[in-house]
Number of protein chains: 2
Amino acid sequence: MKKDRPFTHAIDRLGSVGLRPTRQRLALVRLLFENGDRHVTAEQLHREVTEIGVKVSLATIYNSLNQFTAVGLLREVAVETGRSYFDTNTAAHHHFFNDDTGELQDIPGDSVVLSTLPIAPDDTVVESVDVIVRVRNK
Amino acid sequence: MKKDRPFTHAIDRLGSVGLRPTRQRLALVRLLFENGDRHVTAEQLHREVTEIGVKVSLATIYNSLNQFTAVGLLREVAVETGRSYFDTNTAAHHHFFNDDTGELQDIPGDSVVLSTLPIAPDDTVVESVDVIVRVRNK
DNA sequence: CAATAAATTGGAACCATTATAAAAAAATAT
DNA sequence: ATATTTTTTTATAATGGTTCCAATTTATTG
């Protein structure tokens, strides 16, 4: 029995974080998590979900992206002021950002390593370290 | 003769990049470059220039920040979607960003070093590498 | 000092995002 | 099942940062 049951997966994923499996959320979860690691903006996701014939308002896209992020299903990546990118890979890793295309992409596992972690300013603790390697088309 | 002549400095700095030394730009250049390395948002700078009694419209603040960035006097740093930060230090270096206060601050010279630079995706070249260490108040 | 070019300005426009309040859907209790 | 309660979705308005615009002011050049 090799057949996947994506619907169930999506339901389970939502259930595991305490979010109700609504039609909208299910469609979004499938788009986001059943196609490998992804980096999406709200507009992009809205276009995609609309293309597959599911009607979801932009407001719900934003609500969902924020909820998913709050429960740790997604991670937000700040690369450009103006619009937000959401990454389905929540593990610690870094990014390439193509300034020409606006495309964001994971940097393979350990090909960037910080040799030293700097000492945080007084009375602060390090939360996370983001490395963004900006590239341009040749 | 140790006395500085900041006005002349400001004029020179503008002249060197081919921007006319207007009253507004002079005030902004002085605020930005005569107080060590700084990280400012447009709103912040507008407040500051207003406080010292110089009338500059927000539009001009934005124009100037963008112009200064275009000619290499400033560097833009993307830390949060929503607002832009401008850094008076254009040399290669990295940042601490305090999520609680919104404060951006340079990481001293070499206390963060990337051990490996990852190989850029096909048909792209690396433009720059931004490291942002996010911290929170203890 | 006149003519020309560039910069500044207030306000409208814009864009991504968030808030709001009413309608719809899902969960729960009966 | 059905009624009741709670959560979610939605359209639309509101927001916040930024850019655009046409008119006015300022700086440079002749």
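First the proteins, then the strands, lettered A, B, ... as listed; each starts at 1. Because the structure is predicted, anything quoted here is derived from the model rather than measured. What you see below is based on every heavy atom in this structure, not just the backbone, and it leaves out hydrogens, waters and symmetry mates.
- If you run side-chain contact (heavy atoms from CB on, under 4.5 Å) between B:Leu31 and each of B:Val40, B:Leu45, B:Leu26, B:Thr88, only B:Leu45 comes through.
- In this structure, B:Arg13 forms a cation-pi arrangement with B:Phe33, its terminal cationic atom sitting closer than 6.0 Å to the ring centre and no more than 45° off the ring axis.
- Going from atom CD of B:Glu43 over to atom P of D:dT15 covers 16 Å, rounded to whole Å.
- Put simply, A:Tyr62 has a side-chain N or O that comes within less than 4.0 Å of OP1 or OP2 on C:dT17.
- The distance between atom CG of B:Leu19 and atom P of C:dA7, rounded to the nearest whole Å, is 7 Å.
- Atom CZ in A:Arg83 sits roughly 18 Å away from atom C1' in D:dG16 (whole-Å rounding).
- Under 4.0 angstrom from either OP1 or OP2 of C:dA7 there lies at least one side-chain N or O belonging to B:Arg25.
- Taking a cutoff of 4.0 Å between a charged side-chain nitrogen and a carboxylate oxygen, B:Arg136 and B:Asp100 qualify as a salt bridge.
- Taking a cutoff of 4.0 Å between a charged side-chain nitrogen and a carboxylate oxygen, A:Arg134 and B:Asp130 qualify as a salt bridge.
- Listed pair B:Gln24 / C:dT9 meets the phosphate criterion, a side-chain N or O lying under 4.0 Å from OP1 or OP2.
- Here the side chain of B:His93 pairs a donor or acceptor atom with the backbone of B:Ala91 at under 3.5 angstrom.
- For the pair B:Gly18 and A:Thr41, nearest-nucleotide mapping onto DNA chain C gives the more 5' position to B:Gly18.
- Taking the side chain of B:Ala59 as heavy atoms from C-beta on, and the options D:dT12, D:dC20, D:dT18, the nearest nucleotide is D:dC20.
- At distances below 3.5 Å, not a single donor-acceptor pair connects side-chain atoms of A:Thr116 with backbone N or O atoms of A:Pro118.
- Counting any heavy atom pair closer than 4.0 Å across all strands shown, B:Thr22 reaches sugar-phosphate atoms only and no base atom.
- Nucleic acid contact class of B:Asn63 (heavy atoms, under 4.0 Å, all strands): base.
- For the pair B:Ile11 CD1 and D:dT28 C1', the interatomic distance rounds to 14 Å; values are reported in whole Å.
- As rounded to whole Å, 13 Å separates atom P of C:dT17 from atom CD of B:Glu80.
- For the pair A:Glu48 and A:Arg38, the salt-bridge criterion is met [side-chain N within less than 4.0 Å of a carboxylate O].
- The distance between atom NE2 of B:His46 and atom P of D:dG16, rounded to the nearest whole Å, is 17 Å.
- In this structure, the CZ atom of B:Arg20 is 5 Å from the P atom of C:dA7, given to the nearest Å.
- In this model, the phosphate group of C:dT17 is approached by a side-chain N or O of A:Ser84 to a distance below 4.0 Å at OP1 or OP2.
- The stretch residues 48-58 of chain B comes close to DNA chain C through B:Lys55, B:Val56, B:Ser57, each having a heavy atom under 4.0 Å from the strand.
- Rounded to whole Å, the distance from CD1 on A:Ile61 to P on C:dT17 is 12 Å.
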